[in-house]
Student: 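Quick one: structure below, then a few questions.
Position 1 is the first residue of the sequence, and the numbers go up from there. Computed from a prediction, not measured in an experiment: that's the story for all the values here.
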Amino acid sequence: MDFTALTHACTLIALSYMALKIRNLPVMERLQALAVPLLTGAASIVMMLLPLPGDSLFSDLKFAPIVMASLRFGWVSSLLSALLPAGYMLLESKPNWGMEAVQGLLLPAVVSSLFHRKQYDSGYFFIRLADGWSVSR
C-alpha cells in the first residue's frame with residue numbers, strides 16, 4: 001500500500017497547526033509580515049523532501065503551502081514565500097531549477113493570489129466554498 005497522499009495530507013495539517021499555534025504567540029503578531037513567508041517557505045521545502053511517486057511536473061506538493069498563504073495573505077506574502085524554496089532548489093543544484101521555480105512556485109502563487117480577498121486577512125473569516133471551488137477548477 002502506498003501512503004504517500006496520506007503522508008502529504010498529514011504533513012500539511014501538522015504544519016498548519018504549528019503555524020496556528022505560533023501565530024497565537026504575542027510576539028508573532030508584530031512579526032507576522034516576516035514570519036509568514038519564512039514558515040511558508042520552510043513548509044514548502046518540507047513538501048519538496050516528500051516527493052510523490054512518478055516523474056511529473058507535480059512530483060511534489062511544494063506549491064500547496066504557498067497557495068494556502070496566497071489565499072490567506074495575498075500576493076506579497078506568497079511571492080516572498082516562494083523565495084526560500086527557490087533558493088533551496090538553487091542550492092540543491094537541480095537541473096532547470098529556474099523553470100521549475102516559475103512553474104511550481106511563482107505561477108501557483110500568482111494565480112491563487114487572484115482569489116485573495118481582504119476580509120481573509122483577519123483570520124476570523126472562513127474562505128468561502130465558492131472561492132475554493134473556483135481555485136480547484
Student: Give me the other members of the hydrophobic cluster that Val76 sits in, counting Ile, Leu, Val, Met, Phe, Trp and Tyr linked by side-chain heavy atoms under 4.5 Å, directly or via other members.
Tutor: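 Direct or chained contacts put Val76 with Trp75, Leu79, Leu80, Leu83, Val102, Leu106, Val110.
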Student: In residues 42-54, what donor-acceptor pairs under 3.5 Å come from side-chain atoms, sequence neighbours left out?
Tutor:
unit_1 : atom_1 : unit_2 : atom_2 : d
Ser44  : OG     : Lys62  : O      : 2.7

Student: Measure the shortest side-chain to side-chain distance between Leu105 and Phe63 over non-hydrogen atoms and say whether it is less than 4.5 angstrom.
Tutor: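 The answer is no; the side chains never approach within 4.5 Å.
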Student: Only one of Ser77, Pro108, Ser112 passes side-chain contact (heavy atoms from CB on, under 4.5 Å) with Ser70; say which it is.
Tutor: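 Of the listed options, the one satisfying the test is Ser112.
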Student: If the condition is side chain to side chain contact (heavy atoms under 4.5 Å, CB included), which residues does Thr40 pass it with, not counting sequence neighbours?
Tutor: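 Applying side chain to side chain contact (heavy atoms under 4.5 Å, CB included) to Thr40 gives Val36, Pro65, Ile66, Ala69, Ser81.
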Student: Kindly work out whether a path of hydrophobic side-chain contacts (I/L/V/M/F/W/Y, heavy atoms less than 4.5 Å apart) joins Leu84 to Leu90.
Tutor: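 Linked, Leu84 and Leu90 end up in one cluster.
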